[in-house]
Participant: 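Supplied in structure tokens, the structure appears directly below.
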Amino acid sequence: MASGSMSDYFTPEVIKELQETLLKHPIDHSYDEECEAYDNDVPPEQLASRCAYDALKGIGKLPPGIE
């Protein structure tokens with residue numbers, strides 16, 4: 001298996017989709033505790049946004065204004 005950086009696994013289309021998800025559904029910190037506990041009361045959009053954030057941060061592709 002060839003080695004590569006994590007960014008090699010994300011196409012520009014996937015990166016754009018993840019960025020749009022994060023911008024459309026910003027992380028709501030009122031759900032932080034529930035997300036850490038994997039509570040069933042967390043809206044799926046929050047889980048998707050948090051996954052998108054982690055992936056984009058890992059490859060250095062967070063949208064402008066998101067830190």
Side-chain angles (χ1 to χ4, degrees):
M1 178 177 188
S3 64
S5 71
M6 191 165 57
S7 62
D8 293 340
Y9 301 102
F10 292 95
T11 65
E13 294 81 13
V14 169
I15 291 170
K16 183 178 181 195
E17 185 177 325
L18 291 171
Q19 289 173 334
E20 288 173 355
T21 295
L22 187 55
L23 291 169
K24 186 175 180 181
H25 305 285
I27 291 175
D28 181 346
H29 293 287
S30 68
Y31 289 105
D32 286 353
E33 193 172 311
E34 289 88 347
C35 285
E36 287 179 21
Y38 300 103
D39 194 329
N40 289 332
D41 293 331
V42 178
E45 297 84 7
Q46 277 300 299
L47 298 174
S49 290
R50 289 163 190 266
C51 288
Y53 176 88
D54 289 343
L56 292 168
K57 184 170 181 152
I59 62 172
K61 296 287 186 177
L62 286 172
I66 304 288
E67 295 182 16

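Hydrogens, waters and symmetry mates play no part in the numbers below; they use all other heavy atoms, side chains included.
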Participant: Could you tell me if the side chain of C51 sits less than 4.5 Å from the side chain of D54, heavy atoms only?
Facilitator: no
Participant: Which residues pass the side chain to side chain donor-acceptor pair (under 3.5 Å) test with E67, sequence neighbours left out?
Facilitator: none
Participant: Is any side-chain heavy atom of Y9 closer than 4.5 Å to one of I59?
Facilitator: no
Participant: According to side-chain hydrogen bond (donor to acceptor under 3.5 Å, both in side chains), does anything in residues 18-28 pair up with another residue at least two apart or in another chain? List the pairs.
Facilitator: D28-S30
Participant: Please list, chain by chain and in numerical order, all residues satisfying side-chain contact (heavy atoms from CB on, under 4.5 Å) with I27, sequence neighbours excluded.
Facilitator: L22, H29, Q46, S49, R50, Y53
Participant: Which value, rounded to the nearest 0.5 Å, describes the distance between I15 atom CD1 and K61 atom NZ?
Facilitator: 5.5 Å
Participant: Measure the CG-CZ distance between L18 and F10 for me, rounded to the nearest 0.5 Å.
Facilitator: 6.5 Å
